[in-house]
Amino acid sequence: MDGRWVEVAEGVLVRRHTELDLNTGLVLGEQGCLVIDTRGDGVQGAELAAAVREVTPLPWRVVLTHAHFDHSFGASAFAPCEIWAHQRCGPALAAGAEADKKAWSEYYREQGRPEVAEAILAAEPVPPTHPVAERTELDLGGRVVELLPTEHGHTDHDLLVWLPEVSVVFTGDLVEQGAPPAFKGSWPLAWPAAVEQVLALKPSVVVPGHGEPVDRAFVREQLAELGRVAELCAEVSAGRLDRAAALRRSPYPEDFTADALQSVTNHSGHA
Ligand SMILES: [Zn+2]
């Protein structure tokens with residue numbers, strides 16, 4: 001099995017996957033459970049579903065933090081069931097799934113892992129059944145989960161999953177540990193505000209989309225770095241700084257910053 005459970009609070013488990021250092025989550029109530037993200041294809045989704053069934057026989061609901069393949073393409077292994085996501089996640093999934101399949105199947109082929117490439121190509125993304133437009137509570141029986149849509153950040157549809165009673169938040173890829181944040185297709189200028197929304201919850205445990213669960217101090221540091229990237233992108237957009245200087249001054253490696261600059265260009269005029 002690819003992964004191990006880590007209990008970050010009573011009845012709140014994070015599954016740490018070797019593949020892409022991904023996190024998925026499992027929240028246990030008295031009447032139901034909530035699965036947070038579903039991995040990257042039908043095979044991986046089935047592995048996660050089996051791992052969930054080793055923990056609990058409770059009926060499940062799924063919430064997707066965002067549409068990227070590694071978080072959403074495994075949902076078919078849980079369907080039919082309620083699938084909650086930001087209201088813009090469904091359209092993003094419909095628009096981006098084919099490009100994700102192409103890019104990532106090529107990536108895995110280059111890595112010498114054709115079976116993963118095939119599984120991604122065969123994946124059947126499932127549209128969310130419950131679009132979230134505003135703060136929404138899910139009652140799992142003795143356990144309330146809050147779904148909090150954000151504006152623009154890692155994507156235009158990042159959804160926070162907040163467990164106020166135990167002070168744990170799942171952020172999807174708005175926060176990342178072990179690697180820099182992924183800027184491809186992102187909204188670098190707006191991203192810091194979304195991370196401020198995370199910090200405003202005053203969470204004790206922050207579960208990033210990839211990497212180890214972290215604390216608020218880690219998130220504050222990442223916020224400062226994201227703020228720096230946003231500043232550099234804004235300076236380049238305004239013609240006050242050249243691209244090479246921005247790449248040099250960034251807290252992140254060149255290719256990450258280059259993705260951020262490209263995203264700002266692509267999204268200029270939209271947000
Ligand atoms: Zn992502």
Side-chain angles (χ1 to χ4, degrees), residues 14-25 35-41 44-45 48 62-75 83-108 116 120 123 125-126 128 132 147-161 169-188 190-192 194-195 197-198 206-214 219 222-223 225-226 229 252-253 255-260 262-264 266-267 271:
V14 175
R15 191 148 178 93
R16 299 280 294 112
H17 301 275
T18 313
E19 189 66 53
L20 300 177
D21 204 14
L22 181 81
N23 291 323
T24 55
V35 176
I36 303 166
D37 285 344
T38 59
R39 307 197 63 201
D41 59 48
Q44 294 180 5
L48 177 60
V62 164
V63 59
L64 303 175
T65 60
H66 63 300
H68 287 161
F69 88 102
D70 46 334
H71 302 264
S72 71
F73 280 14
I83 301 177
W84 295 75
H86 192 295
Q87 60 175 346
R88 288 191 290 265
C89 183
L93 194 57
E98 286 311 310
D100 254 11
K101 281 189 181 189
K102 185 169 183 302
W104 286 94
S105 60
E106 280 168 14
Y107 167 84
Y108 279 108
V116 184
I120 289 174
V126 183
V132 178
L147 306 181
L148 307 172
T150 68
E151 272 308 313
H152 291 76
H154 172 68
T155 67
D156 67 355
H157 57 272
D158 303 295
L159 184 70
L160 305 177
V161 181
V169 63
F170 289 76
T171 65
D173 293 353
L174 280 173
V175 176
E176 189 144 352
Q177 190 277 336
F183 289 99
K184 200 166 270 184
S186 74
W187 303 78
W191 195 330
V195 176
Q197 196 177 334
V198 173
V206 177
V207 183
H210 304 261
E212 295 290 337
V214 295
V219 178
Q222 193 148 83
L223 173 60
E225 293 168 351
L226 287 165
V229 171
Y252 297 130
D255 49 341
F256 285 83
T257 310
D259 282 343
Q262 186 61 50
S263 294
V264 170
N266 294 349
H267 290 150

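Both ligands and their constituent atoms are indexed starting at 1 by order of listing. Fair warning: this is a prediction, and the values are worked out from it, not measured in the lab.
Looking only at distances, no side-chain donor or acceptor of H210 sits under 3.5 Å from a matching main-chain atom of D173.
In this structure, the side chain to side chain contact (heavy atoms under 4.5 Å, CB included) partners of Q87, at least two apart in sequence or on a different chain, are P131, A133. Among residues two or more places apart in sequence or in another chain, the salt bridge (Lys or Arg N to Asp or Glu O under 4.0 Å) test is passed with K184 by none. Residues meeting the side chain to side chain donor-acceptor pair (under 3.5 Å) test with D21, sequence neighbours left out: R16.
Checking each of D156, D158, T171 against T150 for a side-chain contact (heavy atoms from CB on, under 4.5 Å) leaves exactly one that passes, namely D158.
Excluding waters, the set of protein N, O or S atoms lying under 2.8 Å from the Zn ion (ligand 1) comprises H66 NE2, H68 ND1, H154 NE2, D173 OD2.
For the pair K102 and E106, the salt-bridge criterion is met [side-chain N within less than 4.0 Å of a carboxylate O].
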